[in-house]
Amino acid sequence: MKLYNTLTKKVEQIKPQHPPVVTIYTCGPTVYDYPHIGNWFTFLRYDLLVRTLRANAYEPKWVMNITDVGHLVSDADEGEDKLEKGARREHKTAWEVAEYYSSYFINGLARLNIMQPNMLPKATHHIKEQIELILRLEAKGYTYQIEDGIYFDTSKFPRYGDFAQLDIDELQAGARVEVNPEKRNPTDFALWKFSPKDSKRDMEWPSPWGTGFPGWHIECSAMSMKYLGETLDVHSGGIDHIPVHHTNEIAQSEAVTGKRFANYWMHTNHITISGEKIAKSAGNGLTLEDIEAKGYDLEVFRLLVLESHYRTQSTFSWEAMEAAANRLQDLRAMAVLRWQPQHGISDYGTFSFEDVPQEIGRLMSEDLNSPAALAFLSQVSTQLSTVLVGANGLDHFILMLRKIDELLGLKLSDIGDITPEQKQLIAKREESRLAKDWASADRVRQELLKQGVGVRDTPYGPIWFPERLQ
RNA sequence: GGCGCCUUGGCGGAGUAGCUACGCAGCGGUCUGCAAAACCGCGUACACGGGUGCAAAUCCCGUAGGUGCCUCCA
């Protein structure tokens with residue numbers, strides 16, 4: 001399987017260190033507010049990575065952290081802790097805020113049918129590991145202390161700017177923010193921050209240097225190494241993390257171990273709404289609830305995510321959601337053929353049922369080309385709606401649906417049968433049609449439509465399909 | 001101001017040298033009692049200007065527009 005590697009700027013064949021296991025570390029959410037659909041885009045894309053690895057007979061070992069402390073309003077280690085800020089906003093403690101949004105997030109993964117990570121470690125549960133890592137850095141001479149904390153001296157790590165192709169001097173020249181004048185280099189970052197002397201934080205811990213809390217970056221190194229070892233197979237995250245967060249992770253991790261931190265870096269691009277990026281400050285941070293309020297299943301949202309490639313900046317709009325909803329209806333109409341074997345289903349034309357998931361897997365294995373996989377699936381769906389031969393292919397058809405779901409997570413094989421009453425209505429309509437009682441037949445069709453069941457008449461008899469209820 | 005990226009038909013969106021995906025919407029047709037269903041067909045898309053190649057949407061240079069990061073942020 002191939003994946004674009006930010007480290008080498010090339011699409012590469014994945015070679016895990018200890019096949020079939022593939023270790024994956026993903027930068028998870030900072031749990032201080034509701035995630036917006038842009039956040040969910042990225043998590044759906046990591047899900048595709050894990051599903052595709054599994055389809056390739058790998059065993060992904062996936063760790064996603066939950067940042068519940070220390071992520072400051074500015075990545076440059078300035079400003080407030082987001083958790084503390086969220087606490088003030090909601091008149092709760094930082095602990096309560098973290099708990100609430102962690103649960104919400106984990107629940108959201110399930111709602112979106114995202115594969116459950118093997119572990120979802122929290123930063124606050126790994127303070128000891130973070131302190132130990134800072135001690136090791138200190139022992140190697142990478143740290144220094146100033147008034148507000150312990151910092152990593154990036155000038156001691158010569159490859160610092162390589163990963164993000166940063167020109168450090170240019171960054172300095174172009175910087176628009178004031179850097180802490182005590183820092184030795186503008187790119188230096190906090191490993192441990194001291195609690196302010198005049199106030200008490202909700203979250204703070206003792207450390208060899210004084211009471212305080214860990215810097216944002218150190219948690220990822222500490223937890224990934226604890227659970228997945230010193231060198232990861234794959235590290236994934238949002239494209240915005242390349243210049244600061246991941247650059248810092250690499251610096252502090254490789255400074256400690258002397259080994260490469262991750263062999264493959266996967267970065268997901270962002271989505272825009274009306275040509276603008278999603279940002280809380282822009283007020284366009286739609287949530288899953290907003291999608292459901294418009295009457296769309298979350299599978300529709302997943303299909304929309306699949307329709308674009310993870311490395312291109314893509315667009316969200318309600319028009320696009322509508323298109324995705326129509327497309328999903330087609331796929332569902334194909335899936336429910338399994339409940340209508342009297343019409344017969346079997347292998348056909350260009351592809352056998354066995355070939356279909358294989359082809360989808362092949363396309364996904366080419367740097368997660370989900371748009372191509374969907375294009376293929378749409379062709380299959382179109383052909384299947386007209387080719388109906390014999391009932392002996394039913395088992396293979398159901399297996400095909402399951403395998404497609406394993407790859408794409410669209411839950412096509414989960415769609416159940418209609419009720420016996422609804423089947424009776426369809427039979428009743430057939431009787432009316434035979435009697436040429438069109439008024440009665442149309443009345444029944446209307447009744448079924450209200451229940452979300454559409455019927456189309458074919459040479460093989462009536463075939464029902466899930467109709468969108470709006 | 002610095003450093004990147006992008007520009008494909010009405011919309012979304014793949015493809016990255018040679019048979020011009022796919023979906024949505026639209027139009028025309030077939031089937032049908034009818035059909036909102038299904039199927040078939042259509043619109044001659046690759047920002048603009050140069051260049052390299054037998055061949056460019058695909059490579060190179062330039063122009064225009066957009067956008068990302070350097071603040072928040074996936």
Side-chain angles (χ1 to χ4, degrees), chain A residues 26-30 33 35-46 71-76 78-79 82 161 164-167 169-178 186-187 236-245 267-272 275-282 285 303-304 306-317 319-331 333 363 366 369-379 381-383 385-387 432-439 441-442 445-446 449 454-459 462-465 467:
Chain A
T26 295
C27 287
T30 301
D33 204 345
H36 55 65
I37 54 172
N39 301 121
W40 291 119
F41 251 78
T42 63
F43 293 111
L44 280 162
R45 275 156 173 177
Y46 307 143
H71 194 165
L72 301 190
V73 168
S74 159
D75 284 359
E78 305 294 329
K82 289 179 179 177
Q165 295 179 302
L166 299 175
D167 184 329
D169 295 333
E170 290 295 343
L171 277 182
Q172 288 175 229
R176 286 187 304 182
V177 279
E178 293 291 319
T187 48
S236 68
I239 197 174
D240 53 305
H241 282 150
I242 297 172
V244 178
H245 184 50
H267 287 102
T268 52
N269 210 323
H270 291 171
I271 59 161
T272 58
E276 290 182 2
K277 67 176 298 195
I278 301 178
K280 296 238 158 72
S281 55
L303 189 71
L304 179 74
L306 285 164
E307 280 181 330
S308 64
H309 189 261
Y310 77 94
R311 283 198 286 121
T312 59
Q313 188 175 86
S314 46
T315 315
F316 178 90
S317 67
E319 291 78 6
M321 278 294 282
E322 188 60 21
N326 286 336
R327 185 176 199 168
L328 184 61
Q329 194 192 352
D330 269 1
L331 297 178
L363 293 165
E366 294 289 328
N369 195 343
S370 55
L374 279 186
F376 174 71
L377 188 55
S378 285
Q379 285 183 311
S381 149
T382 297
Q383 290 187 51
S385 62
T386 47
V387 181
S432 300
R433 290 185 68 225
L434 280 173
K436 298 199 190 297
D437 180 358
W438 311 124
D442 289 349
R445 179 158 65 191
Q446 279 306 315
L449 270 180
V455 180
R456 63 187 170 101
D457 301 318
T458 77
I463 292 182
W464 64 267
F465 57 93
E467 182 68 63

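So that the names make sense, note that chain A is the first sequence line, chain B the second, and so on, each numbered from 1.
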What's the closest nucleotide to the A:I271 side chain, out of B:A14, B:A36, B:A74?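 Of the candidates, B:A74 comes closest.
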A:N369 has a side chain; which of B:A35, B:A74, B:A14 sits nearest to it?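 Looking only at heavy atoms from C-beta outward on A:N369, the closest nucleotide is B:A14.
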Any chance you could lay out the side chain to side chain donor-acceptor pair (under 3.5 Å) test for A:R45 and A:S308, step after step, and finish with the verdict? CA-CA 10 Å; A:R45 275 156 173 177; A:S308 64; 2.6 Å; yes
Do you know which two heavy atoms are closest between A:Y46 and A:G238, and how far apart they sit?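 Residues A:Y46 and A:G238, closest heavy atoms: OH-N, 3.3 Å.
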[N] versus [M] - spacing of their [atom1] atoms, nearest Å:
N: B:U8; M: B:U58; atom1: P; answer: 13 Å
N: B:A38; M: B:C34; atom1: C1'; answer: 14 Å
N: B:C60; M: B:G65; atom1: P; answer: 22 Å
N: B:G4; M: B:G12; atom1: C1'; answer: 25 Å
N: B:A36; M: B:A45; atom1: P; answer: 30 Å

Side-chain N or O of A:T458 less than 4.0 angstrom from OP1 or OP2 on B:U32?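 For A:T458, the contact criterion (side-chain N or O under 4.0 Å from OP1 or OP2 of B:U32) is not met.
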Taking only side-chain nitrogens and oxygens of A:T312, does any of them come within less than 4.0 Å of OP1 or OP2 of B:C6?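 Indeed not, no polar side-chain atom of A:T312 lies that close.
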If a protein heavy atom is under 4.0 Å from the base, mark B; if only from the sugar-phosphate, S; if neither, -; do that for nucleotides 16-26 of chain B going 5' to 3'. -----BSSSS-
